[in-house]
Number of protein chains: 2
Amino acid sequence: MGTVSKALELLDLFTRSRPQIGLSELARLSDVNKATCFRLMGELQNHGLVEQVGAAREYRLGPAVLRLAALREAHVPMRDAAMPVLQELARVTGETAHVSVLSGGQLRSIAHAYSGDFGTKVIMDDVHVLPFHATSSGMAVLAHLDAATQAAELKKPLPARTSNTETDPARLAKRLKDIAARGYAESAGGYEAEVHSFAVPLFDSVGACSGGLAVASPRSRVTSEHTRVVLSGLARAGRELTELWGGSLPPAIDDKWRALA
Amino acid sequence: MGTVSKALELLDLFTRSRPQIGLSELARLSDVNKATCFRLMGELQNHGLVEQVGAAREYRLGPAVLRLAALREAHVPMRDAAMPVLQELARVTGETAHVSVLSGGQLRSIAHAYSGDFGTKVIMDDVHVLPFHATSSGMAVLAHLDAATQAAELKKPLPARTSNTETDPARLAKRLKDIAARGYAESAGGYEAEVHSFAVPLFDSVGACSGGLAVASPRSRVTSEHTRVVLSGLARAGRELTELWGGSLPPAIDDKWRALA
DNA sequence: CAGAGGTGGTTTATTATTCGAACCGACGGT
DNA sequence: ACCGTCGGTTCGAATAATAAACCACCTCTG
């Protein structure tokens, strides 16, 4: 693996639940030698991506990330545009909603919104790369990608995240066909055992699938009425978001989503 | 220079005015070999920091920067807290306001706000590292740092950005003493020839200087009345922001700022 | 108080990784 | 057909990253 990748993996160790990390722990978590770690962090620090703070000289993300994000938003205002739609979707469903985009062959979560309705909710804080085979967003997106990418993805290993994860390529292929026919995907505990989620694909200006929009609930709250509300919310929000991002719904999807509303 | 630094410098080439860059141009701008550039961008892309888009396969900042920024804000909500204060400061002065923080020995701009009052305004979009000797923020901060850091900074080269930049260490040292005595700094075209700016230092919880707050105007609008408004605005906003960030004003500064209001 | 085990940071020779020049095929205008 | 550019690739040479040992310091604990 390249040096840069190692440095970036160090960055990915920072999460909501672990926002500051000392040098030794960083080395331990990343399986990178402490000296190497030290140098890499030094370089990251010189560019403001991380900073050291406090007497323990622990590292945390630095101010430069704000600049980069502001720049990205100024040029591709996806997140800002998505936020209100996402919050409304969380509100009407009473569940956690999140949106992800396809980038470099990976599906990345870029924003999420929680509902205040229940004491229990699905926490998305520290998820960033969504596996195609184990999440509803992933399957929704994969099902609407071209056959070649789909086949390529099916050839990769399909690690089981839970006992409900679909790990058989043939069965997964069948499920994808099904999803494409319906216009939405469902995952019953394939990512986290207790999490049930539904997702719809999102499309760019040339009608190619570019991301996914999902609602995730604790399994216990899933009923047929709940599912109806979630699906109709997803269809509406999916249509709105696709439009906001300057995309266009393929007519086939448009029809299927009309039926959900 | 380390490989990681090279990669991060590539990231810094993306600006508001140049948000998408092709491989060849990237190599040209960065003085990095095209092959190297390609590999580095590939690694950045694998982590979502950049993505390729369109038929020309141009690069732009990717969705992962959003995640990092959201993480930083969740843990250190500086920018979000600063934004309203900054906007109010821009409003009352009618000029561009910006705030910067000290990180890893550099002063980095983390947010700015424009006023709608005038047709001409100072544009801060693509500034991110502020030189200590050539900006009012830089001098305000440096003047309130400990003597050792100050001396170290004075020993470094002081490149002239304009004909008005202070490049003589001795004269700069004298100016810094002056600034510390007044509690604010002034830069008359030291960074951009036509830009006149005032700045105040900001302080952390132990009373150490941790950043700067500045108002920048076109030179032509500077009058004594204008200066009075700007300084009183800076004093008020500086006090507010220091408090918001959980810092405490040194009593000496507090006195001086009272006189400005 | 001594020492064990933790911290952040530094140094070393060894080695694996990165580098850059040249090259490739594709595209778009002369 | 030529030219210039594009994104991307190759390969030997050379640079830069590596891991382990070491330091100074701190805080527990026996």
Side-chain angles (χ1 to χ4, degrees), chain A residues 1-14 18-62 102-106 146 148-149 152 206 208, chain B residues 1-14 18-62 102-106 146 148-149 152 206 208:
Chain A
M1 193 192 4
T3 312
V4 175
S5 294
K6 279 188 192 163
L8 298 182
E9 277 186 13
L10 289 181
L11 274 190
D12 279 343
L13 292 177
F14 294 91
R18 203 197 308 114
Q20 291 193 175
I21 315 182
L23 180 61
S24 295
E25 190 177 357
L26 211 44
R28 227 176 294 120
L29 290 168
S30 63
D31 247 325
V32 168
N33 186 280
K34 202 168 48 152
T36 308
C37 210
F38 177 66
R39 220 172 14 75
L40 295 179
M41 291 310 280
E43 294 197 62
L44 291 176
Q45 184 170 22
N46 285 338
H47 285 262
L49 285 186
V50 302
E51 62 185 2
Q52 275 181 300
V53 65
R57 308 191 76 54
E58 287 195 317
Y59 296 90
R60 70 175 181 204
L61 293 176
L102 207 51
S103 169
Q106 286 184 321
D146 59 295
T149 349
V206 297
Chain B
M1 192 190 6
T3 314
V4 175
S5 294
K6 279 188 190 162
L8 298 182
E9 277 187 12
L10 289 181
L11 273 191
D12 279 343
L13 292 176
F14 294 91
R18 203 197 308 116
Q20 291 194 174
I21 315 182
L23 179 63
S24 295
E25 191 177 356
L26 210 46
R28 228 176 293 121
L29 290 168
S30 63
D31 247 325
V32 169
N33 186 281
K34 202 167 46 153
T36 307
C37 210
F38 177 67
R39 221 170 13 77
L40 295 178
M41 291 310 280
E43 294 197 63
L44 292 175
Q45 184 169 22
N46 286 338
H47 286 262
L49 286 186
V50 301
E51 62 185 4
Q52 275 181 299
V53 65
R57 309 186 78 49
E58 285 194 319
Y59 296 90
R60 71 176 179 202
L61 292 175
L102 206 51
S103 169
Q106 287 184 321
D146 60 294
T149 349
V206 297

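Note on naming: letters A, B, ... go to the chains in the order of the sequence lines (proteins, then strands), and numbering restarts at 1 for each one. As the structure is a computational prediction, the values presented were derived from the model and not from experiment.
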For DNA chain D, note the earliest and the latest nucleotide, 5' to 3', having some atom under 4.0 Å of a heavy atom belonging to chain A. dA17(D) to dA20(D)

Over all strands shown, is Gln52(B) touching base, sugar-phosphate only, or nothing at heavy-atom distances under 4.0 angstrom? sugar-phosphate

Name the residue closer to the 5' end of DNA chain D, choosing between Ala35(B) and Gly22(B) according to the nucleotide with the nearest heavy atom. Gly22(B)

How do Glu25(A) and Val32(B) order along DNA chain C: which one's closest nucleotide is nearer the 5' end?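 Closer to the 5' end of DNA chain C: Glu25(A).
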
About how many Å separate CD1 of Ile21(A) and CE of Met41(A), when rounded to the nearest 0.5 Å? 7.5 Å

Please compare Arg39(B) and Lys34(B) by the position of their nearest nucleotide in DNA chain C and report the one closer to 5'. Arg39(B)

Shoot me the first and last contacting nucleotide of DNA chain C against chain B, ordered 5' to 3', at under 4.0 angstrom to non-hydrogen atoms. dT18(C) to dA21(C)

Is there a side-chain contact between Val32(A) and Glu9(A), using heavy atoms and a 4.5 Å cut-off?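 No - every pair of side-chain heavy atoms lies 4.5 Å or more apart.
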
Closest approach of Ser30(B) and Cys37(B), non-hydrogen atoms and distance?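 Closest approach of Ser30(B) to Cys37(B), heavy atoms only: OG-SG, 4.4 Å.
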
Once rounded to the nearest 0.5 Å, what's the spacing between atom OG1 of Thr149(B) and atom CG of Leu102(B)?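 Answer for the OG1-CG pair, Thr149(B) versus Leu102(B), is 8.5 Å.
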
Which one of Gln20(B), Gln52(B), Glu51(B) satisfies the side-chain contact (heavy atoms from CB on, under 4.5 Å) criterion with Glu58(B)?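 Filter result, single survivor: Gln20(B).
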
Distance (rounded to the nearest 0.5 Å) between Gln45(A) CD and Leu8(B) CG: 12.5 Å

Using side-chain heavy atoms (C-beta onward) and a distance below 4.5 Å, is Leu11(A) in contact with Leu61(A)? yes

Are Ser5(B) and Glu43(A) side-chain neighbours, meaning at least one heavy-atom pair lies under 4.5 Å?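 Side chain of Ser5(B) against side chain of Glu43(A), heavy atoms only: contact under 4.5 Å found.
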
